[in-house]
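To keep things clear, I will list the structure first and then write my remarks on it.
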Amino acid sequence: MTDFRDARTAITSVLELLSENVSTDQAEDVPALRIAMHRGAIVKTITDGRSDYAGRTVNAVSALIESNVKEKLVLTDELFSDSEIQDLLAESGFVARKLEVAPVSGSAVFEVTQMTSGQSTISEP
């Protein structure tokens, strides 16, 4: 788990990671990449150079990670509702699809994948 000061930096970093990961073949014994992002307050402590996180935001991300399939990015509505984030996804060639069942109570959840030709930036389930 990691944290970022601003959403644009977080999304940009993750999209670069996903683009690199998708373009390489992974061996079967390599763990699948699962990324979940949420916007909210956290409690962060650092002990012996190791970061530990707590709070509702951490619980939301944990629920998303548990529900996420490999090599996908999922975002909660708290992050996806930001028009700058939607623009960044579209400019980077990614599309978001609203999931029918949200694993985080009270929040819409969007799965983000690379865009295929002719696909719009937001699709319904």
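In this text the structure is predicted, and so the values were computed from the model without any measurement.
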So Thr12 and Leu88, do their side chains get closer than 4.5 Å, heavy atoms only?
yes

Closest non-hydrogen contact found for Arg8 with Glu91 is NH2-OE1, 4.5 Å

Side chains of Leu89 and Leu15: does their closest heavy-atom pair fall under 4.5 Å?
yes

Mind checking the CZ-CG spacing from Phe94 to Leu75? Nearest 0.5 Å is all I need.
11.0 Å

Side-chain heavy-atom pair Thr113, Arg97 within 4.5 angstrom cut-off:
no

Residue pair Asp3, Thr57: steps toward the side-chain contact (heavy atoms from CB on, under 4.5 Å) verdict:
CA-CA 11 Å; Asp3 61 293; Thr57 299; over 6 Å; no

Contact check, side chains of Ile35 and Leu17, non-hydrogen atoms, under 4.5 Å:
yes

Nearest heavy atoms of Gln86 and Phe80, plus distance in Å:
NE2-O, 2.8 Å

What is the distance from atom CG of Asp52 to atom CD1 of Ile42, rounded to the nearest 0.5 Å?
10.0 Å

Taking every heavy atom of Glu111 against every heavy atom of Val74, the minimum-distance pair comes out as CA-CG1, 4.1 Å

For a quick test of reading the model, state the closest non-hydrogen atom pair linking Met37 to Leu79 and the distance between them.
CB-CD2, 3.6 Å

Set of residues satisfying salt bridge (Lys or Arg N to Asp or Glu O under 4.0 Å) with respect to Asp87, sequence neighbours excluded
none

Do any N or O atoms from the side chain of Asp48 and from the backbone of Arg50 form a donor-acceptor pair under 3.5 angstrom?
no

Any residue meeting salt bridge (Lys or Arg N to Asp or Glu O under 4.0 Å) with Arg56, in chain and number order, not counting sequence neighbours
none

Side chain to side chain, Val14 and Val112, heavy atoms closer than 4.5 Å:
no

